[in-house]
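Order of the sequence lines sets the chain letters (A, B, ...), proteins ahead of strands, with each chain counted from 1. Note that these values count all heavy atoms, side chains included, but never hydrogens, waters or copies made by symmetry.
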Amino acid sequence: MPWSMLEYLRKKPEIIKESLRKRGLDVSVVDEAIRLDAEWRRQYTKVNQLRHKHNILSKSIAKLKGKEKEKAIKEAKELLKTISEEEKRLRELEEAREKILLSLPNIVHETVPEGLTEEENVPIRFWGKPKVYVGFIEKFKEQTRGFDVEYEVIHWKPKGHADMLTFLGLGTTEKAGEVAGSRFYYLFDDLVWLDIALLMYAIDYLTRKGFTLILPPYMLREKYYLGVTTLEDFRDSIYKIEGEDLYLIATSEHPIAALHANEIITEEDLPLLYAGISPCFRKEAGAHGKDTKGIFRVHQFHKVEQFVFSKPEESWEWHEKLIRNAEELWQGLGIPYRIVNIVAGDLGAVAAKKYDLEAWMPAQGRYREMVSCSNCTDWQSYRLRIRFLKRKGMVRDYVHTLNSTAIASTRAITAILENYQEEDGTVIIPKVLRPYLEMFPKAPKEYIVPRKTRQK
RNA sequence: GCCGGGGUGCCCGAGCGGACUAAGGGGCUGGCCUUGAGAGCCAGUGGCGGUUCGACCGCCGCGCGGGUUCGAAUCCCGCCCCCGGCGCCA
């Protein structure tokens with residue numbers, strides 16, 4: 001009924017400890033929180049008794065006259081002094097307890113595998129028939145161990161997506177680096193069309209599935225930002241607007257989560273399904289040296305996001321549905337992928353469980369993250385005060401929030417540039433995207449070819 | 001950005017310094033009644049804590065944060081948001 005973290009602390013602290021242990025974190029804070037909570041309760045009772053005394057006295061003053069009144073007022077004033085001292089102590093205890101509880105990462109779900117690093121993430125299924133360059137066969141087999149994944153051997157080495165930008169003449173990161181810095185890009189013509197078509201494809205799919213299309217604010221106040229993510233993530237990835245209490249969003253997940261902040265949703269309105277579309281801005285601090293070339297890891301891209309507010313008892317079902325939606329989208333694109341169950345140590349504080357969809361990248365010989373699908377249970381909703389009203393018993397409870405990428409434009413483009421690349425460097429356009437290009441005379445239709453060989 | 005009006009519970013809406021405890025209505029939940037549905041009647045319907053766990057007791061709560069007062073939904077200050085008017089603007 002209340003916040004799960006406080007409830008666990010009081011009733012089943014071992015669950016919190018087990019969760020922290022799985023994440024490879026210090027467990028001792030839990031005992032400290034238990035101690036603080038017990039003391040807070042004692043202090044709370046004490047303060048309440050004092051306040052009660054004062055209320056009685058204060059009410060009696062209205063009926064008193066003359067000297068008796070003076071005396072009672074004096075007494076009340078003295079009592080107030082004591083109360084404010086005890087209240088101060090109460091506040092300190094509560095703040096200390098809250099500080100610990102708010103710093104705790106989400107309780108990991110029982111189905112989350114143990115492990116601390118990315119390498120230990122557990123593949124759970126594979127889809128598609130990857131094109132594997134002969135030189136990568138060993139690597140491929142390693143990554144598909146335990147699964148019987150059909151693949152096609154190719155004897156030419158595909159160009160990496162970064163080289164493809166130059167080869168096609170449809171993108172430059174050098175000039176963008178000069179004018180905006182590293183991890184920015186200029187894309188031209190066909191790749192821009194592709195970016196737009198990918199977004200259209202995703203919103204078309206999701207709105208047909210009953211998701212409400214939403215274009216959110218691209219900036220949020222700090223208060224709301226701290227409700228959706230941790231301080232560390234916030235510092236590492238969020239851009240601040242100079243001189244204002246505003247931050248550029250890292251994903252539409254964040255403003256969508258904040259959409260129902262401080263609200264009470266009626267039970268019948270759940271689940272609420274949203275398909276967000278927005279640019280995403282990320283500092284990528286702490287990713288130095290990783291994916292420095294091309295547009296795989298960039299400061300800015302477009303993304304269509306799935307977001308669900310659900311009843312607690314339905315959130316695990318929705319988690320599976322969201323990853324299935326992402327899979328259907330990527331199957332539609334015809335890009336081979338695998339789904340991995342992220343280990344506890346690599347989860348991120350907000351999620352209780354996370355699946356990644358990783359696309360096969362023929363030029364790199366490995367699977368790379370394209371989609372991230374998380375159940376955040378009540379971690380965000382507690383901080384943002386998003387509750388719903390249960391008809392039975394008229395009780396309020398925190399909703400669960402879930403989010404999953406549908407398509408992130410630049411990453412999807414890298415996957416297409418590598419998976420749909422022909423030996424001569426031509427890129428075939430996935431069939432599902434063509435309807436979204438047809439209406440534009442200047443958009444590419446079936447192939448993307450190098451700029452210089454194209455008819456103007 | 002300026003001027004004016006406003007923000008009250010799940011929703012609507014009264015209250016505008018202490019007494020009757022946020023009136024009243026709607027909705028919802030439970031009970032009674034009924035062959036059933038409905039109507040009607042009764043009760044419940046913010047958070048936290050204590051508890052002999054009883055339908056019990058207490059504290060806090062009227063956009064958010066401060067202040068005045070023995071006592072604040074009510075008065076004062078700051079902030080956020082909404083509505084109307086003016087200004088500015090793609």
Quick one: label A/Leu80 by what it contacts on the DNA or RNA (base, sugar-phosphate, nothing), any heavy atom closer than 4.0 Å. sugar-phosphate
Could you check whether A/Thr45 gets within reach of a base, just the sugar-phosphate, or nothing at all, counting any heavy atom under 4.0 Å? sugar-phosphate
Span that lies between the [atom1] atom of [M] and that of [N], in whole angstrom:
N	M	atom1	result
B/A23	B/C10	P	14 Å
B/C56	B/A37	P	30 Å
B/G84	B/C75	P	25 Å
B/G47	B/C62	C1'	14 Å
B/A73	B/G9	P	14 Å
B/C42	B/G25	P	11 Å

Less than 6.0 angstrom separating the ring centers of A/Phe234 and A/Tyr247, yes or no? yes
In whole angstrom, what separates [X]'s [atom1] from [N]'s [atom2]?
X	N	atom1	atom2	result
A/Tyr44	B/C57	OH	P	17 Å
A/His54	B/U69	NE2	C1'	10 Å
A/Tyr382	B/C48	OH	P	9 Å
A/Asn262	B/C81	CG	C1'	12 Å
A/Asp269	B/C11	CG	C1'	13 Å
A/Glu87	B/G58	CD	C1'	14 Å

Shortest side-chain distance from [X], nucleotide among [options]:
X	options	answer
A/Arg51	B/C10, B/C60, B/C48	B/C60
A/Ser58	B/C59, B/G71, B/C10	B/G71
A/His52	B/C10, B/C59, B/C70	B/C59

Base paired to [N] (Watson-Crick or G-U; both N/O distances under 3.5 angstrom):
N	answer
B/C56	B/G50
B/G61	none
B/C16	none

Presence of [X] side-chain N/O under 4.0 Å of [N] phosphate oxygens OP1/OP2:
X	N	result
A/Asn55	B/C59	yes
A/Arg396	B/C10	yes
A/Arg221	B/C81	yes
A/Arg41	B/G50	yes

With no hydrogens and no angle check, do the side chains of A/Asp195 and A/His302 hold a donor and an acceptor under 3.5 Å apart?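 Short answer, yes.
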Derivation of the side-chain contact (heavy atoms from CB on, under 4.5 Å) call for A/Ile413 and A/Leu187: CA-CA 11 Å; A/Ile413 290 170; A/Leu187 296 183; 4.3 Å; yes
Any non-hydrogen side-chain atom of A/His400 less than 4.5 Å from a side-chain atom of A/Asp378? yes
